[in-house]
There are 2 protein chains.
Amino acid sequence: MSNSAKPDKPAKTQPRVARAPVALADCGMARAIDMVGDRWVLLVLRELFYGVRRFDDLEADTGAPRAVLSQRLRSLVSNGLADRIPYKEEGSRTRYEYVLTPKGRDLGVVVAALTEWGDRHLRNDPAPVEFIDAEGGAALHLAFVAKSGKIVPNARVGVRVKAKTKKT
Amino acid sequence: MSNSAKPDKPAKTQPRVARAPVALADCGMARAIDMVGDRWVLLVLRELFYGVRRFDDLEADTGAPRAVLSQRLRSLVSNGLADRIPYKEEGSRTRYEYVLTPKGRDLGVVVAALTEWGDRHLRNDPAPVEFIDAEGGAALHLAFVAKSGKIVPNARVGVRVKAKTKKT
């Protein structure tokens, strides 16, 4: 049990809960991981979030093999994260481009969380992109916020079990 | 090119940037994905964030095969995301438990982003856990915040290229 007394000093900023507070299948995170917890899916989501729409551009920007990219785009569409929209250019056959649905667009928080963490801990130079308010252009960052509007530092964040717990 | 004029109506809330604004290798998100963009790593990080520390508990809670769990824990330690700390119980051999480093703990934002998104879009019942301020217990959620403290709705968030761009 993680909450039994132990001789080593536990980090003060590491809040504890009883172990296995939530059955795996019950956890929103586990479900989210099953849908988007894949390198290629996340890179494609990043591109779509940036406004890239076309297969060839997605292929060039992510470096995904074509068959992998096709499969990931199909899964994004079937999971309701992206729409597949036909377009036709002069003298070409009908092609398709991909645009995030509101559900997919809401994953911008995940894209931003990974980007901010990677920029903070895995880079030595200034971050190449920043998240902004599309109305007005103010730079934004992700933060834990209370209903009161108070921002709480990441190191002070814990978890609380709300529902009756059950074990997987 | 994603920014060429197209007949279909682009979503108003989908800000665009020139495609491939950031070379893949240059992107904090791509680096973060290389380190944590894996189902098992993310599930183990969730458990560590919840305060679970021991191999057998991590195995039970994530359902990871033992060899996979060992490998993932080794990579978390070698990447500086978790510390491996010896402990010894009466009559047992020395064992090890795993505690997030500050760098690993900072991934709580990624855990929260996936959890909140999964709870919002993939569940029909109330979320079983909530993120809280460890000092005072106020419920928290992740939000995009400007320096002024203003919270900006997810649908209004865009990206801006800061550095000189280069192509992968």
Side-chain angles (χ1 to χ4, degrees), chain A residues 2 6 8 15-17 19-22 26 28-29 31-33 37 39 42 46 50-53 57 61 63 85 87 103 106-110 113-115 117-119 121-123 127-135 138 140 142-146 152 154 156-163, chain B residues 2 6 8 15-17 19-20 22 24 26 28-29 31-33 37 39 42 46 50-53 57 61 63 85 87 103 106-110 113-115 117-119 121-123 127-135 138 140 142-146 152 154 156-163:
Chain A
S2 65
K6 278 184 300 293
D8 63 280
R16 305 268 195 94
V17 295
R19 72 169 269 262
V22 182
D26 231 28
M29 185 188 176
R31 296 183 197 189
I33 290 172
R39 173 186 167 78
L42 289 167
R46 181 193 74 160
Y50 284 3
V52 177
R53 299 167 156 231
D57 294 340
D61 294 352
I85 298 170
Y87 71 95
K103 179 178 170 183
D106 207 25
L107 278 165
V109 178
V110 174
L114 285 163
T115 302
W117 183 83
D119 285 340
H121 292 286
L122 308 179
R123 292 174 57 86
V129 298
E130 59 187 348
F131 295 87
I132 58 163
D133 184 348
E135 296 175 18
L140 304 176
L142 270 183
F144 285 99
V145 183
V152 173
N154 292 356
R156 219 171 77 191
V157 175
V159 284
R160 177 166 57 205
V161 181
K162 284 163 68 184
Chain B
S2 66
K6 278 185 298 295
D8 62 280
R16 304 265 194 97
V17 296
R19 70 170 269 262
V22 183
L24 201 60
D26 230 29
M29 185 189 177
R31 296 185 195 187
I33 289 173
R39 174 186 167 79
L42 288 167
R46 181 192 74 161
Y50 284 2
V52 177
R53 298 166 157 232
D57 294 341
D61 293 352
I85 298 169
Y87 71 94
K103 179 178 169 184
D106 207 24
L107 278 165
V109 179
V110 174
L114 285 163
T115 303
W117 184 83
D119 285 341
H121 292 286
L122 307 178
R123 293 175 57 86
V129 298
E130 59 186 348
F131 296 87
I132 58 163
D133 184 349
E135 296 175 19
L140 304 176
L142 269 184
F144 284 99
V145 183
V152 173
N154 292 357
R156 219 170 77 190
V157 175
V159 285
R160 177 166 55 205
V161 182
K162 283 163 69 185

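Each chain gets a letter, A, B and so on, in the order its sequence line appears, and its residues count up from 1. As the structure is a computational prediction, the values presented were derived from the model and not from experiment.
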**Prompt:** Can you tell which of B:T115, B:V145, B:L122, B:V109 has the highest number of heavy-atom pairs within less than 4.5 Å of chain A?
**Reply:** B:V145
**Request:** Indicate yes or no for a side-chain donor-acceptor contact from B:R31 to the backbone of A:G118 under 3.5 Å, with no hydrogens or angles considered.
**Result:** no
**Message:** Can you tell me which portion of A:V152 sits under 4.5 Å from chain B's heavy atoms? Options are side chain, backbone, both or neither.
**Reply:** side chain
**Prompt:** Checking B:V110 against chain A: side chain, backbone, both or neither under 4.5 Å from a heavy atom?
**Reply:** both
**Message:** Counting heavy-atom pairs under 4.5 Å with chain A, which one of B:G108, B:A143, B:A146 comes out on top?
**Reply:** B:A143
**Prompt:** So which heavy atom on A:A32 is nearest to which on B:W117, and how close?
**Reply:** CB-CE3, 3.8 Å
**Message:** Under the rule for side-chain hydrogen bond (donor to acceptor under 3.5 Å, both in side chains), what residues qualify as partners of A:N154, not counting sequence neighbours?
**Reply:** B:D106
**Request:** Go through the structure and list residues passing side-chain contact (heavy atoms from CB on, under 4.5 Å) with B:I33, not counting sequence neighbours.
**Result:** A:R39, A:L42, A:L43, A:L114, B:M29
